[in-house]
Amino acid sequence: MVEKIDVTLCSDLPDQGALNEILKDYYRLAVARMQAMGIDVDPAAPTSALAEFWQNATDYLSPRGCLAIARTDAGELVGCGMMKRLDSETGEMKRLYVSDRVRGTGAGRRLVDIRVEEARRMGLRRLVADTLTSNVEMRGLYPKLGFANVPGPIETSTYRDQPMLRPHLHYFVRELEPSTRGTPE
């Protein structure tokens with residue numbers, strides 16, 4: 001039986017060791033998918049990606065973005081999702097990952113939903129995302145959650161920083177209505 005999964009936004013960075021374990025799994029899966037598509041990936045890519053994340057981790061905390069985590073009742077970190085502000089109106093969804101054992105529990109959907117609501121609260125008007133052709137899970141999930149699959153390119157972080165991936169990226173956009181949370185009636 002799968003435990004109850006609690007999804008929350010972080011006001012501070014979570015324990016580095018626990019988040020590293022989730023991010024290492026995320027990067028390993030991404031690299032394996034890239035290699036399966038015939039993309040030549042530097043073996044040090046997961047390590048350098050992890051270092052790059054921690055170098056810029058505060059971009060994923062308020063007021064510049066958000067970091068959502070999923071935990072079991074026992075407190076084990078089993079998923080994460082991030083969003084960072086690209087400009088005054090646009091946020092970019094990044095690094096959605098849930099552990100194999102909690103897939104199918106709705107944790108991934110909730111990690112997207114909480115970031116969408118936070119983007120609204122931040123006053124963002126749209127969210128963008130990209131994913132690899134081989135990431136059929138995200139290519140299926142984003143449209144179910146109101147994201148439109150759009151022809152590229154979109155100037156996402158991946159598009160800018162990883163030109164070799166451009167032919168393999170799918171782009172998604174979700175226009176946001178302003179948040180009504182916390183507004184006077």
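Keep in mind that the numbers below use all heavy atoms, side chains included, and drop hydrogens, waters and symmetry copies.
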### Message
How long is the straight-line distance from CE of Met122 back to CG of Leu176, given to the nearest 0.5 Å?
### Response
11.0 Å
### Query
Does the pair Lys24 and Thr47 meet the rule for a side-chain hydrogen bond (donor to acceptor under 3.5 Å, both in side chains), with working shown?
CA-CA 8 Å; Lys24 285 177 186 176; Thr47 303; over 6 Å; no
### Message
Do Phe147 and Val112 have side chains that approach each other closer than 4.5 Å (heavy atoms only, starting at C-beta)?
### Response
yes
#### Entry: Residue list, side-chain hydrogen bond (donor to acceptor under 3.5 Å, both in side chains) with Asn20, at least two apart or on another chain
Trp54
### Message
Per the side chain to side chain donor-acceptor pair (under 3.5 Å) rule, what does the pair list look like for residues 131-146, sequence neighbours excluded?
### Response
Arg33-Asn135, Arg33-Glu137, Thr131-Asn135, Thr133-His170
### Query
Which residue pairs pass the side chain to side chain donor-acceptor pair (under 3.5 Å) test with at least one member in residues 7-19, sequence neighbours excluded?
none
### Query
Sequence neighbours excluded, which residues qualify as side-chain hydrogen bond (donor to acceptor under 3.5 Å, both in side chains) partners of Arg109?
none
### Task
Only counting residues at least two apart or in another chain, list the ones meeting salt bridge (charged side-chain N to carboxylate O under 4.0 Å, His left out) with Asp6.
none
### Backbone N/O of Met83 and side chain of Glu92: donor-acceptor pair under 3.5 Å
no
#### Entry: Contacts of type side-chain hydrogen bond (donor to acceptor under 3.5 Å, both in side chains), residue Arg125, not counting sequence neighbours
none
### Task
Kindly indicate whether the side chain of Tyr97, heavy atoms from C-beta on, has any atom under 4.5 Å from the side chain of Ile22.
yes
### Residue pair Val173, Leu127: steps toward the side-chain contact (heavy atoms from CB on, under 4.5 Å) verdict
CA-CA 6 Å; Val173 175; Leu127 287 170; over 6 Å; no
### Message
If the threshold is 4.0 Å, N to carboxylate O, is there a salt bridge linking Glu118 and Arg115?
### Response
no
### Task
Before giving the answer on side-chain contact (heavy atoms from CB on, under 4.5 Å), spell out for Val116 and Arg120 the whole-Å C-alpha distance, their side-chain angles and the decisive distance to 0.1 Å.
CA-CA 6 Å; Val116 168; Arg120 280 190 185 113; 3.7 Å; yes
#### Entry: From CG (Leu9) to OG (Ser62), nearest 0.5 Å
9.0 Å
#### Entry: By salt bridge (charged side-chain N to carboxylate O under 4.0 Å, His left out) - contacts of Lys84 (at least two apart)
none
### Query
Should Val136 and Leu141 be counted in the same cluster of Ile, Leu, Val, Met, Phe, Trp and Tyr side chains packed under 4.5 Å apart?
no
#### Entry: Closest non-hydrogen atom pair, Leu111 against Gly79
CD1-C, 4.1 Å
### Query
For Arg110, which residues count as a side chain to side chain contact (heavy atoms under 4.5 Å, CB included) partner, sequence neighbours excluded?
Ile5, Val7
### Message
Tell me which one of Tyr60, Tyr26, Tyr27 satisfies ring-ring contact (aromatic ring centres under 6.0 Å, His included) with Phe53.
### Response
Tyr60
### Gap between atom OG1 of Thr156 and atom CG of Asp130 - 0.5 Å precision
3.5 Å
### Message
Rounded to the nearest 0.5 Å, what separates atom CG in Leu124 from atom SG in Cys66?
### Response
9.0 Å
### Summary
Closest non-hydrogen contact found for Cys10 with Leu61 is O-CD2, 3.7 Å
### Query
So, do Met138 and Leu96 sit near enough that their side-chain heavy atoms are less than 4.5 Å apart?
yes
### Query
Regarding Lys4 and Thr105, is there a side-chain donor-to-acceptor distance under 3.5 Å anywhere?
no
## Note on the structure
When rounded to the nearest 0.5 Å, the distance separating CE of Met82 from CG of Asn56 is 11.5 Å
### Interatomic spacing from SG in Cys80 to CG in Leu23 - rounded to 0.5 Å
5.0 Å
### Message
Testing the basics here: between Val31 and Ala45, what is the closest heavy-atom pair and its distance to 0.1 Å?
### Response
CG2-CB, 4.4 Å
### Query
Leu29 and Met93: same hydrophobic cluster, using ILVMFWY side-chain contacts below 4.5 Å?
no
### Task
Would you indicate whether the side-chain heavy atoms of Pro14 and Leu67 approach each other to under 4.5 Å?
yes
### Message
Once salt bridge (charged side-chain N to carboxylate O under 4.0 Å, His left out) is applied, what residue pairs with a partner in residues 42-57 remain, sequence neighbours excluded?
### Response
Glu52-Arg95
## Note on the structure
In short, salt bridge (charged side-chain N to carboxylate O under 4.0 Å, His left out) pairs touching residues 70-83 with sequence neighbours left out are Glu76-Arg101
Side-chain polar contacts of residues 159-166 - donor-acceptor pairs under 3.5 angstrom, sequence neighbours left out - could you list them?
| unit_1 | atom_1 | unit_2 | atom_2 | d |
| --- | --- | --- | --- | --- |
| Arg160 | NH1 | Glu155 | O | 3.0 |
| Arg166 | NE | Tyr159 | O | 2.8 |
| Arg166 | NH2 | Tyr159 | O | 2.9 |

### Query
In terms of hydrophobic clustering (I, L, V, M, F, W, Y; side-chain heavy atoms under 4.5 Å; direct or indirect links), are Leu50 and Val98 co-clustered?
no
### Query
Can you name the residues that form a side-chain hydrogen bond (donor to acceptor under 3.5 Å, both in side chains) with Asp87, not counting sequence neighbours?
Thr90
### Task
Quick one: do Arg174 and Arg126 satisfy side-chain contact (heavy atoms from CB on, under 4.5 Å)? Show the steps, please.
CA-CA 5 Å; Arg174 179 168 172 181; Arg126 85 186 56 75; over 6 Å; no
